[in-house]
Number of protein chains: 2
Amino acid sequence: MTAPPGRRERKKAATRQKIADTALRLFLERGYDAVGIRDVAAEADVAVTTVFSHFASKEALVFEQDENFEQRLTRAVTDRAREEPLIPALRREIQALVRHCTADSAAPIWRMIDESPALRKYEESMRLRHAESLATAIAADPDLAQTTTACRTIARFAIDGYSLAREAADPETALDEIFRMIEAAWAAARRPEDVAGTARP
Amino acid sequence: MTAPPGRRERKKAATRQKIADTALRLFLERGYDAVGIRDVAAEADVAVTTVFSHFASKEALVFEQDENFEQRLTRAVTDRAREEPLIPALRREIQALVRHCTADSAAPIWRMIDESPALRKYEESMRLRHAESLATAIAADPDLAQTTTACRTIARFAIDGYSLAREAADPETALDEIFRMIEAAWAAARRPEDVAGTARP
DNA sequence: TTTTGAAAAGCTAACCGTTAGTGGTACGTT
DNA sequence: AACGTACCACTAACGGTTAGCTTTTCAAAA
């Protein structure tokens with residue numbers, strides 16, 4: 001994995017990157033809808049089929065960082081300090097992600113996304129995928145011992161928080177407000193009979 | 001609006017219904033992906049362009065009841081009894097919707113939806129639309145006096161509850177669990193300084 | 001009643017994302 | 001040096017969707 005990658009893998013990664021870079025540049029220059037896959041392929045000097053061997057769809061060209069995002073979320077849960085409670089750890093990571101998305105340099109990209117129904121739809125179902133991964137990571141933590149329903153619910157709430165804060169006029173205070181609600185929801189998820197202790201007969 | 005509709009409107013509605021019925025029947029008979037728009041149009045004895053003048057996309061043929069669903073949600077908020085708090089009213093309606101979707105008669109349709117990525121994506125972005133409508137309805141209630149962020153958040157949570165409960169092995173208890181969390185989140189949305197009274201300087 | 005305007009429906013032909021199917025080429029390995 | 005495997009290219013098509021234009025059907029003015 002960390003061993004020096006062979007020439008083949010480097011070339012593949014380079015091709016992938018070149019396609020992604022070219023696509024994003026064209027999309028920003030001429031608008032997402034005005035650029036066809038055939039345009040991207042021609043400009044990146046590859047065949048149309050090569051584009052689709054690296055990316056599952058035209059929309060995926062824009063969300064190249066997809067898996068990165070997903071890993072950061074799950075790791076925020078699995079790699080947190082032993083004593084750190086779930087919600088603050090989640091909150092920290094999501095705040096970082098929101099800051100990343102609302103940075104000035106990312107503004108043109110997000111404007112493009114907001115203007116294209118296809119891209120919005122793609123991002124929405126991407127978020128749901130991330131919420132499922134997050135739910136799995138939460139459910140796997142033995143310290144929490146929650147029902148799968150509670151885990152899935154809190155995962156969705158967290159992703160909702162990311163999405164809503166990103167869109168808010170003041171992302172920071174919005175995230176504050178939302179995570180106060182999430183914290184309360186998480187506290188309520190512990191069933192009454194379990195509040196006194198974690199052990200069960 | 002309630003006046004006797006002219007022949008033109010009746011014919012239009014009939015055409016629309018015939019297309020929707022034909023499409024759903026074919027989809028269930030042969031599978032969603034195995035039926036093309038051209039098949040639907042031929043079987044309903046209309047032109048392809050007519051199908052798209054009534055429905056925005058192939059997926060929309062399956063979610064014909066879309067607007068109905070949306071209205072029920074917003075009305076659950078706006079038409080609730082004067083003293084009834086928001087969350088229980090929402091809960092009642094969503095429970096009814098979940099029951100409706102998990103009824104045996106609806107099972108084949110939802111299986112078809114779950115098996116088609118395109119349909120799932122469509123349903124996801126439909127839910128977001130509904131969450132936005134719901135948020136608007138909640139924000140419009142003068143008795144609640146919440147920030148828009150809190151309204152949007154609680155609306156998303158409620159829709160998440162619908163979606164998660166629908167998928168759960170035991171929808172009823174899942175909905176119980178989720179709405180306990182939502183209730184707590186809503187209580188936490190009232191900012192500390194506002195708990196004593198609604199008036200502000 | 002006749003005329004007229006417009007909504008509804010139809011047809012053709014295309015555009016665009018996406019996917020076989022086929023074959024060639026460069027790379028890592030023996 | 002030879003071989004097998006990814007990787008990549010090309011062509012051609014399929015299926016959803018739309019544009020452009022004509023025809024039909026209804027409603028209401030004349």
Side-chain angles (χ1 to χ4, degrees), chain A residues 1 3-20 22-24 26-27 30-64 112-113 116-123 125, chain B residues 1 3-20 22-24 26-27 30-64 112-113 116-123 125:
Chain A
M1 186 71 78
R7 185 174 297 133
R8 178 170 268 162
E9 294 178 43
R10 273 185 289 117
K11 282 205 173 181
K12 181 173 182 180
T15 301
R16 182 195 152 92
Q17 199 59 43
K18 182 173 185 182
I19 294 171
T22 304
L24 194 57
L26 291 184
F27 291 160
R30 312 184 200 161
Y32 180 76
D33 290 325
V35 177
I37 287 286
R38 291 162 178 87
D39 298 330
V40 174
E43 183 87 6
D45 198 29
V46 295
V48 171
T49 47
T50 301
V51 174
F52 282 107
S53 75
H54 285 278
F55 300 92
S57 67
K58 184 186 180 187
E59 296 94 53
L61 286 166
V62 175
F63 296 97
E64 198 219 339
M112 175 180 81
I113 294 169
S116 160
L119 286 177
R120 273 215 305 275
K121 263 174 102 162
Y122 187 88
E123 204 246 347
S125 65
Chain B
M1 185 75 73
R7 184 172 299 132
R8 178 168 268 163
E9 294 178 44
R10 273 185 290 114
K11 285 205 173 183
K12 181 175 181 178
T15 301
R16 182 194 152 92
Q17 199 60 43
K18 182 172 185 183
I19 294 171
T22 304
L24 194 56
L26 291 184
F27 290 160
R30 311 183 201 164
Y32 180 75
D33 290 325
V35 177
I37 287 286
R38 291 161 177 90
D39 299 330
V40 174
E43 183 86 7
D45 199 29
V46 296
V48 171
T49 47
T50 302
V51 174
F52 282 106
S53 75
H54 285 276
F55 300 92
S57 66
K58 185 187 180 187
E59 295 94 57
L61 285 166
V62 174
F63 297 96
E64 197 218 341
M112 175 179 80
I113 294 170
S116 159
L119 287 176
R120 272 215 306 277
K121 262 174 102 161
Y122 187 87
E123 204 246 348
S125 66

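Within every chain, numbering begins at 1; the chains are lettered A, B, ... in the order of the sequence lines, protein sequences first and strands thereafter. Since the structure is predicted, the reported quantities are computational estimates derived from the model, not experimental observations.
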In whole Å, what is the span from the [atom1] atom of [X] to the [atom2] atom of [N]?
| X | N | atom1 | atom2 | value |
| --- | --- | --- | --- | --- |
| Phe52(A) | dG21(C) | CZ | C1' | 17 Å |
| Arg10(A) | dA26(C) | CZ | P | 16 Å |
| Leu119(A) | dG17(C) | CG | P | 12 Å |
| Glu59(A) | dG17(C) | CD | C1' | 9 Å |

If we only count heavy atoms from C-beta on, is the Lys121(A) to Glu59(A) side-chain gap below 4.5 Å?
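Side-chain contact under 4.5 Å: no.
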Should Val62(B) and Met112(B) count as side-chain neighbours, where that means a heavy-atom distance under 4.5 Å?
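Yes - at least one pair of side-chain heavy atoms lies under 4.5 Å apart.
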Polar pairs (N or O, both sides) under 3.5 Å between protein and nucleotides 8-11 of chain C?
from: dA8(C); atom 1: OP1; to: Lys12(B); atom 2: NZ; distance (Å): 3.0
from: dA9(C); atom 1: OP1; to: Thr15(B); atom 2: OG1; distance (Å): 3.0
from: dA9(C); atom 1: OP2; to: His54(B); atom 2: NE2; distance (Å): 2.9
from: dG10(C); atom 1: OP2; to: Ala47(B); atom 2: N; distance (Å): 2.9
from: dG10(C); atom 1: OP2; to: Thr50(B); atom 2: OG1; distance (Å): 2.4
from: dC11(C); atom 1: N4; to: Thr49(B); atom 2: OG1; distance (Å): 3.2

Taking Ser125(B) for the side chain and Tyr122(B) for the main chain, is one N or O donor matched with an acceptor at less than 3.5 Å?
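Indeed, once roles are kept as given, a pair shorter than 3.5 Å links the two residues.
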For a side chain to side chain contact (heavy atoms under 4.5 Å, CB included) with Leu61(B), tell me which candidate from Thr22(B), Leu26(B), Ile19(B) qualifies.
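Going through the options one by one, the only one that passes is Ile19(B).
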Contacts table for residues 40-58 of chain A: side-chain donor-acceptor under 3.5 angstrom, sequence neighbours left out:
from: Glu43(A); atom 1: OE2; to: Arg25(A); atom 2: NH2; distance (Å): 3.1
from: Ser53(A); atom 1: OG; to: Thr50(A); atom 2: O; distance (Å): 2.8
from: Ser57(A); atom 1: OG; to: Ala60(A); atom 2: N; distance (Å): 3.3
from: Lys58(A); atom 1: NZ; to: Tyr32(A); atom 2: O; distance (Å): 3.1
from: Lys58(A); atom 1: NZ; to: Val35(A); atom 2: O; distance (Å): 2.8

Interface with DNA chain D, restricted to residues 32-43 of chain A and to heavy atoms under 4.0 Å:
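Residues of residues 32-43 of chain A under 4.0 Å from DNA chain D: Arg38(A).
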In Å, rounded to the nearest 0.5 Å, how long is the span from CG of Asp39(A) to CZ of Phe27(A)?
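Separation between the atoms: 9.0 Å.
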